[in-house]
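Have a look at the structure below before the remarks.
Just follow the structure's listing: the first ligand is 1, and inside any ligand the first atom is 1. Throughout, residue positions are numbered sequentially from 1 according to the sequence presented.
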Amino acid sequence: MAEIISGKILASKIKQEVKQEIKQLGIKPYFAIVQIGNNPASNTYVRNKMKDCDECGIESYLYHYGEGISQHALEVFLEELSISKDFHAVMLQLPIPNHLDMQEAINEINFKKDVDGLTTINNGLLATGQNGFIPCTAAGCMEMIRSTGIDIAGKNAVVIGRSNIVGKPVAIQLLKENATVTICHSHTIRLKEICQKADILIVAVGKKNFVTADMIKPGAVVIDVGINVQENGKLCGDVDFNEAKEVAGYITPVPGGVGLMTRAMLMKNILEATKCQLIKDI
Ligand code: NAD
């Protein structure tokens, strides 16, 4: 029976540490969130982020634009926030409407304020092993793996999913910690066989029950990133949790897992951005 890696416990510890450090810092971090449109999931995520900020002693401001905003207007606004001395941290809530180029917009955020870690500069810093902001979900996954105490070096790690937000940054971090990494995606063949060899399995696909117990190596660390809304309105991950927990060594639940860690890592990144800007004026 697997040990449950509790996002609730880990995230609460991280947020507590952030809160303490902000108190000692003596200045409040200022964080700007830009949201476009009224995606219901985004509304919930933004509300939760602002609640976390409140808890940690971070001042958060929401700039809410209608769906019709132009690429130019969005970029100009993000650039203004990046230059402004009023904010230490800036993020664009995703997804944004299809007529907008997400990466072009995000790249208007100064990489030192890019607490979501999604600018091309921060992607490049991560890929080349330099310090920068790491996307929060990917950073949260690593904290959860580390919390098990296993030695990542030399382990066979399999990441299902290759998005810029989760799959790729998780894979790069695992590589940095000397795991042997396989990245699987929608064109991968013999996925089951590959997964069965994984000591560490990260699943970020977005399909309920995508990973079943027979795909899991006994004793493996299983990190379920997926968030799926079931017919009854309840959330579940990509892993068949009830069966998988009988085979895995460690497993994350959904809800109560990676999602909470994503939120906590954002608080940590906001603190880091603030500290960097106190040392070095940008
Ligand atoms: P995405 O749609 O960008 O990527 C999904 C990935 O799954 C793709 O790389 C695709 O190649 C892969 N995939 C699809 N079908 C596959 C198949 N049959 N076999 C193997 N791979 C397959 O999604 P994303 O943004 O990376 O998010 C993935 C999941 O994680 C979603 O459920 C999302 O809601 C969730 N998510 C959770 C958090 C969190 O905080 N917990 C954060 C971000 C995303």
Note to self: Has Q173 got a side-chain atom pairing as donor or acceptor with P169's backbone, closer than 3.5 angstrom?
What the structure shows: yes
Next item on the list: Say whether K207 and ligand 1 are in contact under the criterion: heavy-atom distance to a ligand atom below 4.0 Å.
Entry: yes
Note to self: Tell me which one of N43, I33, V34 satisfies side chain to side chain contact (heavy atoms under 4.5 Å, CB included) with H64.
What the structure shows: N43
Check: Ignoring hydrogens and geometry, is there a side-chain-to-backbone donor-acceptor pair from K155 to T180 under 3.5 Å?
Finding: no
Notebook entry, point to check: Is the ring centre of F77 less than 6.0 Å from the ring centre of Y63?
Noted result: yes
Check: Which of the numbered atoms in ligand 1 are below 4.0 angstrom from a heavy atom of G161?
Finding: 6 (C), 7 (O), 9 (O)
Checklist line | Donor-acceptor under 3.5 Å (E79 side chain, E75 main chain) | finding: no
Item checked: Sub-4.0 Å atoms of ligand 1 with respect to non-hydrogen atoms of I160 -> 20 (C), 21 (N)
Notebook entry, point to check: So between G237, G140, S186, whose heavy atom ends up nearest atom 16 (C) of ligand 1?
Noted result: S186
Notebook entry, point to check: Where the closest heavy atom to atom 35 (C) of ligand 1 is concerned, which of V254, T188, T137, V225 has it?
Noted result: V225
Notebook entry, point to check: Taking atom 6 (C) of ligand 1 as the point of reference, which of S163, G259, A204 owns the nearest heavy atom?
Noted result: A204
Item checked: Name of the residue among I150, I4, I145 meeting side chain to side chain contact (heavy atoms under 4.5 Å, CB included) with Y250 -> I150
Next item on the list: Measure the distance from atom 9 (O) of ligand 1 to every protein heavy atom, then report the residue, atom name and distance (to 0.1 Å) of the closest one.
Entry: R162 N, 2.8 Å
Next item on the list: Considering the heavy atoms of T262, write down every atom of ligand 1 situated less than 4.0 Å from one of them.
Entry: 39 (C), 40 (O)
